[in-house]
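Accompanying notes for the structure given below.
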Amino acid sequence: MKKKLVVALMTAALGMGCMTMTAMAEDTTIRMWTFLDPTNTENGRSVALSQMIDEFEAENEGVKVVVEPQDWNTMTAKFLAATTSGDAPDIIWCARDELCGVLNAGALEPLENLFLGDWSEDEIADVDDAYFKFGEKDGKHYTLTLNKNCIVLYYREDLLKDAGLEVPKTWDDIVACATALTGEDEATGQMRYGLGQSFATESNDPQLLLNYIVDKQGSLFNEDGTANWANDTGVEAVNWTVDCINNGVTPKESVNTSIEDLYTEFASGKYAMSIGSGVRLSTVRDAATFDGSTIQITTIPGNTIIDGWFAGVWSGSDNKEMAGKFLEKMYSPESDQKWVELGGQAPCRKSTVENLEINDSNRYLQTMIQAFDEGWMPSNEMPFVGWKYDLNPAVQKVVTDGADPMDVLKECEDNFNTANDR
């Protein structure tokens with residue numbers, strides 16, 4: 001009888017233990033901030049992320065991953081504020097320009113403390129590149145890059161072919177192609193412009209005048225991090241851009257056009273070529289009112305500007321280990337394949353590049369990979385906030401007010417330097 005009682009008590013205790021562990025597991029919620037929304041079935045990257053979440057939750061019973069989509073333009077600053085209030089997410093996607101400030105604030109957990117310390121030399125070698133090094137500080141790595149990106153030139157392959165034009169390789173080529181392709185679209189009867197550009201001063205991607213400066217002088221900044229725009233090269237860049245508007249290959253309303261407007265307008269057939277983000281290609285193709293497969297991308301003369309999003313684990317998280325496990329999941333070879341096949345992204349891992357089969361539908365990946373190898377981005381030694389659109393007011397003021405390019409470039413320099421405490 002006593003033996004039966006002991007067994008019953010042990011069974012009950014084990015049951016209570018299991019219930020407690022189950023309850024704890026069920027209470028494990030990993031919060032993540034990103035600009036992606038896994039409920040969006042129209043966006044390839046969102047679909048890829050949704051599949052990773054489903055797989056991870058199935059592999060880790062009781063764990064739930066909750067994505068709280070954020071405005072990409074304010075997400076990193078909002079994260080830093082949330083670390084102070086103690087309400088930051090377990091995983092954050094940080095903007096490249098603001099990562100330095102996040103690292104200096106000690107807001108991210110070294111990945112060596114979570115999973116990176118267990119990786120083999122071959123596994124490290126598979127991800128070791130400029131992006132991996134960008135998330136390094138004092139010998140520790142704090143981020144993985146889940147969204148390598150580059151600012152490229154979109155073009156309608158069908159229109160170039162019909163006009164007997166080659167893909168532009170130089171600044172003169174861009175103007176020549178844009179000029180030839182500006183006019184009434186025979187298929188729709190609408191006015192088609194040769195080159196789409198956007199000069200809104202908020203939430204914008206780097207425009208061609210920034211690439212022009214990088215191409216001619218190697219960087220946008222001096223060694224001390226101050227802006228290096230108010231010079232002859234800067235004036236050339238502004239004049240090249242303004243000439244595109246004055247000559248009619250870029251519409252005058254572009255001075256107030258946002259990058260999101262530009263994607264929508266390109267998909268509607270308003271432009272033959274346009275500035276744009278490489279990772280948005282699949283979305284623009286899907287939205288096109290014409291044959292989207294004819295949309296291709298090419299690198300920009302000189303050093304194409306490259307960018308990316310850097311994901312890390314909040315150092316104040318109560319769920320660091322599980323958050324790290326999910327971050328590792330999103331960066332696994334299998335997930336990298338999903339980002340490529342479903343999301344239209346370029347590979348993050350070298351092994352994925354090696355196994356990539358290039359065909360006509362995905363040859364844009366070659367352009368992106370080339371850009372990552374040859375491209376330009378600011379250093380990670382100090383914050384560089386606002387530079388992507390800080391020069392847009394110069395174009396606005398020259399076009400609308402007839403301002404002197406050098407004067408407005410000096411003003412833009414001062415604004416950037418002040419905002420970044422230079």
Open item on the list: When you compare the side chain of T143 with that of C94, does any pair of heavy atoms fall below 4.5 Å?
Closed with: no
Task: Close side-chain approach of D138 to K140, heavy-atom, < 4.5 Å - done: no
Task: Under 3.5 Å donor-acceptor, R31 side chain and A88 backbone - done: yes
Open item on the list: Between W339 and K148, does the side-chain contact (heavy atoms from CB on, under 4.5 Å) criterion hold? Intermediate values first, please.
Closed with: CA-CA 11 Å; W339 290 122; K148 292 182 179 180; over 6 Å; no
Task: Euclidean distance, F384 CZ relative to R422 CZ, rounded to 0.5 Å - done: 5.0 Å
- [ ] Answer yes if the side chains of S293 and D291 hold a donor-acceptor pair under 3.5 Å, and no otherwise.
- [x] yes
TODO: Please report the shortest heavy-atom distance between W171 and P301, naming the atom on each side.
DONE: NE1-CB, 3.6 Å
TODO: Compare every heavy atom of K388 with every heavy atom of D97, then report the nearest pair and how far apart it is.
DONE: OD2-CE, 3.1 Å
Task: N231 and its side-chain contact (heavy atoms from CB on, under 4.5 Å) partner, picked from K410, E236, Q217 - done: Q217
TODO: State, to 0.1 Å, how close L108 and G312 come at their nearest heavy-atom pair, and which atoms those are.
DONE: CD2-C, 4.1 Å
Open item on the list: Please check: side-chain N/O of K320 versus main-chain N/O of S315, any donor-acceptor pairing under 3.5 Å?
Closed with: yes
- [ ] Check for a donor-acceptor pair, side chain of Q345 on one end and backbone N or O of V279 on the other, with a separation under 3.5 Å.
- [x] no
Task: Trace of the side-chain contact (heavy atoms from CB on, under 4.5 Å) decision for S277 with Y263 - done: CA-CA 9 Å; S277 166; Y263 291 129; 3.0 Å; yes
Task: Option among N211, N228, L210 that satisfies the side-chain contact (heavy atoms from CB on, under 4.5 Å) test with L220 - done: L210
TODO: To the nearest 0.5 Å, tell me how far L144 CG sits from R349 CZ.
DONE: 8.5 Å
- [ ] Using a 4.5 Å cut-off on heavy atoms from C-beta on, say whether the side chain of I275 contacts that of I300.
- [x] yes
Task: CA sep, side-chain torsions, deciding dist, call: D185, K270, salt bridge (charged side-chain N to carboxylate O under 4.0 Å, His left out) - done: CA-CA 9 Å; D185 189 292; K270 185 173 181 177; over 6 Å; no
Open item on the list: Just checking F416 against W387, ring centres under 6.0 Å apart?
Closed with: no
- [ ] Would you check, one step at a time, whether the test salt bridge (charged side-chain N to carboxylate O under 4.0 Å, His left out) holds for E57 with K329?
- [x] CA-CA 11 Å; E57 291 178 346; K329 166 74 175 180; over 6 Å; no
TODO: Take the angle between the ring planes of F132 and H141 and call it parallel below 30°, perpendicular above 60°, tilted in between.
DONE: parallel
Task: Distance (rounded to the nearest 0.5 Å) between L208 CG and I174 CD1 - done: 5.5 Å
Open item on the list: R156 vs D158, test: salt bridge (charged side-chain N to carboxylate O under 4.0 Å, His left out). Steps then yes/no.
Closed with: CA-CA 5 Å; R156 293 269 304 272; D158 57 332; 3.0 Å; yes
Open item on the list: Using side-chain heavy atoms (C-beta onward) and a distance below 4.5 Å, is L36 in contact with N147?
Closed with: no
Task: Considering all heavy atoms, the nearest E374-N303 contact - done: O-OD1, 3.2 Å
TODO: Give me the ring orientation class for Y331 and W119: parallel if the planes are under 30° apart, tilted from 30 to 60°, perpendicular past 60°.
DONE: parallel
TODO: Decide whether N204 and S198 meet the rule of one side-chain donor and one side-chain acceptor closer than 3.5 Å.
DONE: yes
Task: Side chain to side chain, K137 and N104, heavy atoms closer than 4.5 Å - done: yes
Open item on the list: I want to check something: taking the side chain as every heavy atom from C-beta on, are P69 and F35 in contact at a cut-off of under 4.5 Å?
Closed with: no
TODO: Just say parallel, tilted or perpendicular for the rings of F79 and W33, cut-offs at 30° and 60°.
DONE: perpendicular
Open item on the list: Between S50 (side chain only) and V47 (backbone N and O only), is there a donor and an acceptor less than 3.5 Å apart?
Closed with: no
Open item on the list: Quiz question: by atom type and distance under 3.5 Å, do the side chains of T352 and D336 form a donor-acceptor pair?
Closed with: yes
Open item on the list: For the CD1 atom of I30 and the NZ atom of K325, what is their distance to the nearest 0.5 Å?
Closed with: 10.5 Å
Open item on the list: When you compare the side chain of V167 with that of Q296, does any pair of heavy atoms fall below 4.5 Å?
Closed with: no
Task: Between CG on residue L159 and CG on residue L165, distance to nearest 0.5 Å - done: 9.5 Å
Open item on the list: Consider side-chain contact (heavy atoms from CB on, under 4.5 Å). Of W93, W72, W309, which one does T34 pass it with?
Closed with: W93
Task: Straight-line distance of T304 OG1 to D373 CG, nearest 0.5 Å - done: 11.5 Å
Open item on the list: Under a 3.5 Å threshold, yes or no: a donor from one side chain and an acceptor from the other, between N359 and S361?
Closed with: yes
Open item on the list: For L153 versus P168, what's the shortest heavy-atom pair and its separation?
Closed with: CD2-CG, 3.8 Å
- [ ] List the steps, then state whether side-chain contact (heavy atoms from CB on, under 4.5 Å) holds for E265 with Y193.
- [x] CA-CA 10 Å; E265 291 170 351; Y193 294 91; over 6 Å; no
- [ ] Taking Y271 for its side chain and L262 for its backbone only, find out whether a donor-acceptor pair lies under 3.5 Å.
- [x] no
- [ ] Please test I295 against F266 for side-chain contact (heavy atoms from CB on, under 4.5 Å), starting from the C-alpha separation and ending with a verdict.
- [x] CA-CA 10 Å; I295 305 173; F266 186 88; 3.7 Å; yes
Task: Worked check of side-chain hydrogen bond (donor to acceptor under 3.5 Å, both in side chains) between S317 and N319 - done: CA-CA 5 Å; S317 168; N319 303 303; 4.8 Å; no
Open item on the list: Can you classify the ring geometry of Y212 versus W240 as parallel (below 30°), tilted (30 to 60°) or perpendicular (above 60°)?
Closed with: tilted
Task: Any donor-acceptor pair under 3.5 Å from Q70 side chain to E68 backbone - done: yes
Task: Polar side chain donor-acceptor pair, D224 to T226, under 3.5 angstrom - done: yes
TODO: For N149 and G278, indicate whether the former's side chain and the latter's backbone hold a donor-acceptor pair under 3.5 Å.
DONE: yes
- [ ] Begin with the C-alpha distance, continue with both residues' side-chain angles, and end with the deciding distance and a verdict on ring-ring contact (aromatic ring centres under 6.0 Å, His included) for Y131 and F372.
- [x] CA-CA 9 Å; Y131 286 90; F372 299 150; 5.8 Å; yes
Open item on the list: In the structure I gave you, are the side-chain heavy atoms of Q337 and L342 within less than 4.5 Å of one another anywhere?
Closed with: no
- [ ] Ignoring hydrogens and angles, state whether a donor on the side chain of D390 or W229 is under 3.5 Å from an acceptor on the partner side chain.
- [x] no
TODO: Quick one: closest heavy-atom pair of L99 and G135, and the distance?
DONE: CD2-CA, 4.2 Å
TODO: Indicate yes or no for a side-chain donor-acceptor contact from D205 to the backbone of G276 under 3.5 Å, with no hydrogens or angles considered.
DONE: no
TODO: For the residue pair S332 and S335, confirm or rule out a side-chain donor-acceptor distance under 3.5 Å.
DONE: yes
Open item on the list: I'd like to know if the side chain of R192 reaches the main chain of L181, judged simply by a donor and an acceptor atom lying under 3.5 Å from each other, with no hydrogens or angles considered.
Closed with: yes
Task: Polar side-chain atom of T418 near backbone of N415 as donor-acceptor pair, under 3.5 Å - done: no
